[in-house]
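Have a look at the structure below, then the notes.
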Protein chains: 2
Amino acid sequence: MSGNETIQKSTISSTEPDIQSNSLKAGIRQKKELQILEAAEKVFSEFGYHGATTQMIADGAGVPKANLHYYFPTKLVLYRRIIDQIFSIWLDAAQSFDENSDPVQALSSYIDKKMQISRSHPHGSRIWANEIMQGAPIIQDYLETTLREWTNSRIAIIQGWIDRGLIDPVDPRHLLYMIWSVTQHYADFAHQIDTLNGGKPLSTSQWGNACENVKKIILAGIGAKGVDIK
Amino acid sequence: MSGNETIQKSTISSTEPDIQSNSLKAGIRQKKELQILEAAEKVFSEFGYHGATTQMIADGAGVPKANLHYYFPTKLVLYRRIIDQIFSIWLDAAQSFDENSDPVQALSSYIDKKMQISRSHPHGSRIWANEIMQGAPIIQDYLETTLREWTNSRIAIIQGWIDRGLIDPVDPRHLLYMIWSVTQHYADFAHQIDTLNGGKPLSTSQWGNACENVKKIILAGIGAKGVDIK
DNA sequence: GTCTATAGAATGATAGAC
DNA sequence: GTCTATCATTCTATAGAC
């Protein structure tokens, strides 16, 4: 299942000679594709892959259903494009977690970024969650390669902190899972959180408060030295 | 939405005079219903409401599809029954969090129970997560009534601990969210966790380790006095 | 490049024989 | 109480006019 689906990054053929008309068409295509991708992200996150219909996505993007199939041949190809997009955002954020920082800096920054993503890309987070809960039928290969490697490298870094006495001896893996789960909870369970907030989305200051609480509890929880996050 | 759906606990009419045959039929019905409910829980958790087909559920339960419709008139009624079941389990576990215990006792016990549920009822946890991510189309009333009341009462208890100096001043609401998210993560993202565990489910000792880490970090994170969880 | 109309397949639910 | 056969609906995807 991992290798038999080619990602078509550009269907604009390089064999087409008319550059002028080509770039114009490319502009239209790019704009429409973006509209469709944005609509699809919302619909997939709200109804899941099976619950989403191409009709809903087409309506959300403001194009006829047949037009959608012109840009994305199948529903599955569209879904894969969105998953790829999300995974890319996750990985970019994860880069901040680098070996040169001390634990407080590294973890504070990582938690901040993950909370920001939960606020700016809640749909993506939910699609990811949905995909995992269904056994990752589409992205299993990502889990087994990229995610596993990233996870192991971060575990090594955390273990290094423990060995140098910078944080308490906790299981690095479960510390990572805690950070993932708590930060993504604010995206995945946003509806529940909003309902318990009187039916309103969290305000900017409420988001800030959530973020501070998460950082405080986790950093204090692992005995990180020199805690100064305010 | 809260009161217009009667739960049919027993469709065996009390006007039926033949007691012997009646209880026999009730036994068959109960057994079949249980088979169907168990199969449905698995299928709904794996594919979501829309992705699940009555055919899959019927196959999983070992009954013909038409037979399934004999016991549960519609797919939606079957789904509601399962959601009710899950919500009931959550609430029961939540009772352990009572006012008389000290923070360490209360929170340790609560986290233990939530972790146990994640291991014993992962399907239920995922169905709940799925339902919330889709905007709680079926259980919105539960969120606005029972869950809100329970949450507010626990927030008051935690605030009491803070006022008495038993734990650090954290936002009780976000502490609850942290406990929910971390514990449920081990059910909702079990596939990801298993993949990162070499493709194998966590062993009993690995579950114990996860539970201890969660308790340690959270209790230390809120400065709970007298931490003694091992 | 856009859109109407529709083909083809899958699904929820039911009828009716046993 | 069980099960085969089938209806009615819905959905993905495509054909073909503009």
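Chain identifiers are assigned alphabetically (A, B, ...) following the order of the sequence lines, protein sequences preceding nucleic acid strands; residue numbering begins at 1 within each chain.
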Next on the checklist: Suppose we call a contact any N or O donor and acceptor under 3.5 Å apart; does that hold for the side chain of B:Lys65 and the base of C:dG12?
Outcome noted: yes

Atom-to-atom span, [atom1] of [X] to [atom2] of [N] - whole angstrom:
X	N	atom1	atom2	value
B:Gln35	D:dT2	CD	C1'	14 Å
B:Phe47	C:dA10	CZ	C1'	15 Å
A:Ile36	C:dC3	CD1	C1'	14 Å
B:His50	C:dA10	NE2	C1'	16 Å
A:Leu68	D:dC11	CG	P	15 Å
A:Tyr71	D:dA13	OH	P	18 Å
A:Leu76	D:dC11	CG	P	18 Å

Select one nucleotide: of [options], the one nearest the side-chain heavy atoms of [X].
X	options	result
B:Lys75	D:dA13, C:dG12, C:dC3	C:dG12
B:Ala66	D:dT4, C:dA13, C:dC3	D:dT4
A:Thr53	C:dC3, C:dA13, D:dC11	D:dC11
B:Pro64	D:dT4, C:dA13, D:dT12	D:dT4
A:His69	D:dA13, C:dG12, C:dT2	D:dA13

Checklist entry - Judged by atom type as modelled, is there a donor-acceptor pair below 3.5 Å linking the side chain of A:Lys114 to the main-chain atoms of A:Trp90? => result no

Item to check | Below 4.0 Å: OP1/OP2 of C:dC3 and any side-chain N or O of A:Tyr70 | outcome: no

Next on the checklist: Are B:His50 and B:Tyr79 an aromatic pair, judged by ring center distance below 6.0 Å?
Outcome noted: no

Checklist entry - Strictly under 6.0 Å, is that where the ring centroids of B:Phe87 and B:Trp128 end up? => result yes

Item to check | Parallel, tilted or perpendicular: rings of A:Tyr177 and A:Trp180 (30°, 60°) | outcome: tilted

Checklist entry - Which part of the nucleic acid, if any, lies within reach of A:Phe72 when heavy atoms closer than 4.0 Å are counted: base, sugar-phosphate only, or nothing? => result nothing

Checklist entry - Base, sugar-phosphate, or nothing for A:Ala52, non-hydrogen atoms under 4.0 angstrom? => result sugar-phosphate

Next on the checklist: I'd like to know if B:Lys215 and B:Asp112 make a salt bridge, using a cut-off of under 4.0 Å between side-chain N and carboxylate O.
Outcome noted: yes

Item to check | Residue met sooner reading DNA chain C from 5', once B:Tyr49 and A:Asn67 are mapped to nucleotides | outcome: A:Asn67

